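Have a look at the structure below, then the notes.
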Number of protein chains: 2
Amino acid sequence: MTVTIYDVAREAKVSMATVSRVVNGNPNVKPTTRDKVNEVIKRLNYRPNAVARGLASKKTTTVGVIIPDISNVYYSELARGLEDIATMYKYHTIISNSDNDSDKEQEIFNNLLSKQVDGIIFLGGTLKDETVELIEKSSVPVVVSGTNDRESKLASVNINYTEASKEIAETLIDNGAKKFAFVGGGYSEKAQDDAFKGLEEALSNAGLKMNNDAKFVGNETYKDGSNAYDAVSKINPDVILCISDEQAIGIVHAAQDAGVKIPEELQVVSFNNTRLVHMVRPQLSSVTQPLYDIGAVGMRLLTKYMNDEKIDEPNVILPYRVEYRGTTK
Amino acid sequence: MTVTIYDVAREAKVSMATVSRVVNGNPNVKPTTRDKVNEVIKRLNYRPNAVARGLASKKTTTVGVIIPDISNVYYSELARGLEDIATMYKYHTIISNSDNDSDKEQEIFNNLLSKQVDGIIFLGGTLKDETVELIEKSSVPVVVSGTNDRESKLASVNINYTEASKEIAETLIDNGAKKFAFVGGGYSEKAQDDAFKGLEEALSNAGLKMNNDAKFVGNETYKDGSNAYDAVSKINPDVILCISDEQAIGIVHAAQDAGVKIPEELQVVSFNNTRLVHMVRPQLSSVTQPLYDIGAVGMRLLTKYMNDEKIDEPNVILPYRVEYRGTTK
DNA sequence: TTGAAAGCGCTAACAC
DNA sequence: GTGTTAGCGCTTTCAA
């Protein structure tokens, strides 16, 4: 029925070992033999069985990807970057959605190991202790992209949220802003905490301080933007810093619906930099993160671990820029 | 090193076959034996090797997904639906991006087959003849979701673009619109052609006809929206029908930048219904496709094929609604 | 440069 | 209800 390596060997009058060598590009094959084998492979339309190969070689050329939600623009852009590099290095990716749920993460993790993946990428999301523990004692390399554990013990790719947040706050303070509000989402607590820290530093340096009611933690959705706005608008902020683009857009619209002029009466800056920032009017001021690259570099880092290459730096920090668009003065 | 079924068998003083039965939930095992085996499995932290299982059983519980671009909101929403159903049925998904490129599609297809996937889902995208041919002679079941071949030979899940388009055109004609423009994208030619057909029918029924310059085919991106607007604005249309949300939003903004009032002077309706439609102001009038369901139902259909269940109807047409929001009068 | 043969870890008859 | 055994299709020593 299906053509196996044995059929090719018989037809080409060589051993299975030789066919295997040809298929795997082993140089120790006489050119004439190689040609003969290749001819038969083509004629019989032989396609190596990756499962059998995986069993024999203990390598599946497959990596697992654990992602909170592939339909979230932020994550799907990371995923695309990762995918492209995986393809470049001849890896396939098994993607599973965790909804940032720790139990699901662990289940997925174990499933991926049972599938014998060569490595795992953990995209975004909050890294709860149990998950970090699982990663630390993993039998295959793991890289986290677009997030990190609190102590940065894991191999990771990220931007410096603290610095970005601080820079934004300083700029806007220089520009006259005094009252800041902060809206975090549920997915990456590390990013949120780091960004909040940067904001606090900038405020403290300027002799300002934040109102206790000025922080809201929501769920990073457009709809939740109006909840966020309702919550923080009580303190009448000059600026709202918001982790998620979708939520920031929700905030902008909620404010506008309430008759607040943006950016004149309220400025909004977000951190995700998905393609959405350009698709709304006024265009959303944001930290421009290299999303595609965060995924791509994470995957590249993982390939290094999988091939036992030298790792210069397990915690990669990628550059960012702040772009002031329509939602800031 | 790693724990195998053999280790468990030895430790539990039973045969491998019995362990296999327990692991696979085969009822022909005495409860006491089952308990004993389960205890050992837990104690040794045994995790079945899915690769070995795949080789022996010729089933990998893995499906391949070929998608034009996971970072495109439309496709990532389909992907999420599909993923959830796959997980529900204990399948994993290997996702690969094709960029709607026929060569890549074929390469991915063959790679997936070599990975011994149990089935393949083809998401969105134009089905070129070579791809259709590949699918037709595939050794594993294939379902196409969110697109179809021109003759509907393949198992598929879709909405009726012709009907939707016709309905919109009729409604807007009743409402006074006379000059229509149409903007298609690169990804799904079938959808585009069907939608165009519906528009033509409605126009013809109303004794109207379309200007030759009123059709533009672009690439479904936000940026391309301004190209599309430049192209079709020459005929001064009352209405632009646009397949892609992103592109439609680009059109709206290009028009607004040119001083055109929306919806008073120009109405815009799109077909994709991604979450973007709510995130712009004015909110985009659109066909509300059940994106998540198109993916989910496609996956469910595929599981039926993979398990040799009875198929009632290989071409599933899902219901749609038209929602008139801010970009129509 | 090539071949023989022993697994990789599991499932699935088949026999008991 | 349980065990024996022959593969699944390939890679990888080891020897020649």
Side-chain angles (χ1 to χ4, degrees), chain A residues 1-38 40-41 44-62 90 110-111 113-118 139-140, chain B residues 1-38 40-41 44-62 90 110-111 113-118 139-140:
Chain A
M1 185 57 232
T2 58
V3 184
T4 72
I5 198 171
Y6 182 78
D7 299 321
V8 177
R10 187 169 26 74
E11 195 76 7
K13 298 187 179 41
V14 295
S15 71
M16 287 162 59
T18 300
V19 178
S20 176
R21 288 188 189 100
V22 171
V23 168
N24 293 299
N26 184 317
N28 297 331
V29 182
K30 194 161 53 159
T32 51
T33 314
R34 177 184 306 279
D35 291 349
K36 191 174 54 181
V37 171
N38 276 325
V40 174
I41 286 178
L44 266 48
N45 195 21
Y46 167 66
R47 187 188 295 122
N49 180 324
V51 174
R53 188 188 293 206
L55 184 59
S57 69
K58 300 181 165 297
K59 285 202 161 47
T60 54
T61 60
T62 302
K90 309 278 184 208
N110 284 321
N111 285 152
L113 291 182
S114 112
K115 287 257 178 180
Q116 313 302 116
V117 294
D118 296 335
S139 51
V140 299
Chain B
M1 184 57 233
T2 58
V3 184
T4 72
I5 198 171
Y6 182 77
D7 300 321
V8 176
R10 187 171 23 75
E11 195 77 7
K13 299 188 179 39
V14 296
S15 72
M16 288 162 57
T18 300
V19 179
S20 176
R21 288 191 190 98
V22 171
V23 168
N24 293 299
N26 185 317
N28 296 331
V29 182
K30 192 161 51 157
T32 50
T33 315
R34 178 184 305 279
D35 292 348
K36 190 174 56 177
V37 171
N38 276 326
V40 175
I41 287 178
L44 266 48
N45 193 23
Y46 167 66
R47 186 187 296 121
N49 181 325
V51 174
R53 188 188 294 209
L55 184 58
S57 70
K58 299 182 166 299
K59 285 203 160 43
T60 54
T61 59
T62 302
K90 309 278 184 208
N110 284 320
N111 284 153
L113 291 182
S114 112
K115 288 258 177 178
Q116 313 302 117
V117 295
D118 296 336
S139 49
V140 300

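Just so it is clear, the structure is predicted and the values come from calculations on it, not from any experiment. Letters go in sequence order (proteins before strands), and every chain restarts at 1.
Applying the side chain to side chain contact (heavy atoms under 4.5 Å, CB included) criterion to B:Lys58, with sequence neighbours excluded, gives no partner residue. Considering only residues two or more places apart in sequence or on other chains, A:Asn111 meets the side-chain hydrogen bond (donor to acceptor under 3.5 Å, both in side chains) condition with none of them. Judged as a side chain to side chain contact (heavy atoms under 4.5 Å, CB included), and not counting sequence neighbours, B:Ala56 has no contacts. Partners of B:Ser114 by side-chain hydrogen bond (donor to acceptor under 3.5 Å, both in side chains), not counting sequence neighbours: none found. Residues passing the side chain to side chain contact (heavy atoms under 4.5 Å, CB included) test with A:Thr4 are A:Tyr6, A:Asp7, sequence neighbours excluded. Scanning for side-chain hydrogen bond (donor to acceptor under 3.5 Å, both in side chains) contacts around A:Ser15 gives A:Thr18, with sequence neighbours left out.
Near DNA chain C, meaning a heavy atom under 4.0 Å away, there are no residues from residues 30-38 of chain B.
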Give the intermediate values and the outcome of side-chain contact (heavy atoms from CB on, under 4.5 Å) for residues A:Gln116 and B:Asn49.
CA-CA 7 Å; A:Gln116 313 302 116; B:Asn49 181 325; 3.4 Å; yes
Just do the side-chain contact (heavy atoms from CB on, under 4.5 Å) check on A:Val140 and A:Asp118 with the steps written out, would you? CA-CA 6 Å; A:Val140 299; A:Asp118 296 335; over 6 Å; no
Could you walk me through whether B:Arg53 and B:Val23 pass the side-chain contact (heavy atoms from CB on, under 4.5 Å) check? CA-CA 11 Å; B:Arg53 188 188 294 209; B:Val23 168; 3.5 Å; yes
task: Begin with the C-alpha distance, continue with both residues' side-chain angles, and end with the deciding distance and a verdict on side-chain contact (heavy atoms from CB on, under 4.5 Å) for A:Lys90 and A:Thr61.
output: CA-CA 7 Å; A:Lys90 309 278 184 208; A:Thr61 60; 5.8 Å; no
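Rounded to whole angstrom, the span from the CG atom of B:Asp7 across to the P atom of C:dC8 amounts to 11 Å. Look at CD1 on B:Ile41: it is 13 Å from C1' on C:dC10, rounded to the nearest Å. Taking atom OH of residue A:Tyr6 and atom P of nucleotide C:dA4, one finds them 10 Å apart after rounding to whole Å. In this structure, B:Arg10 places its CZ atom 13 Å from P of C:dG9, rounding to the nearest Å.
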Scan the side chains in residues 26-36 of chain A for donor-acceptor partners under 3.5 Å anywhere in the protein, sequence neighbours excluded, and list what turns up.
unit_1	atom_1	unit_2	atom_2	d
A:Asn26	OD1	A:Asn28	N	2.8
A:Arg34	NH2	A:Asn26	O	3.0
A:Lys36	NZ	A:Ala12	O	3.4

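B:Asn28 comes within contact range of at least one nucleobase, with a heavy-atom separation under 4.0 Å. Across all strands, B:Val14 comes closer than 4.0 Å only to sugar-phosphate atoms, never to a base (heavy-atom distances).
The nearest pair of heavy atoms linking B:Val3 to B:Tyr46 is O-CD1, 3.5 Å.
Both B:Ser15 and B:Leu55 sit near DNA chain D, but only B:Ser15 has its closest nucleotide nearer the 5' end.
First and last contacts of DNA chain D with chain B, using any nucleotide atom under 4.0 Å from a protein heavy atom and ordered 5' to 3', fall at D:dG1 to D:dG9.
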I'd like a list of close polar pairs between nucleotides 11-14 of chain C and the protein, N/O only, cut-off under 3.5 Å.
unit_1	atom_1	unit_2	atom_2	d
C:dT11	OP1	B:Asn24	ND2	3.1
C:dT11	OP1	B:Arg53	NE	3.2
C:dT11	OP2	B:Ser20	OG	2.6

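In summary, the side chains of A:Lys115 and B:Thr62 do present a donor paired with an acceptor at a separation below 3.5 Å, with no hydrogens or angles considered.
Using five terminal pairs a side, the axes of the helix from C:dT1-D:dA16 to C:dC16-D:dG1 at its two ends make an angle of 30°, given in steps of 10 degrees.
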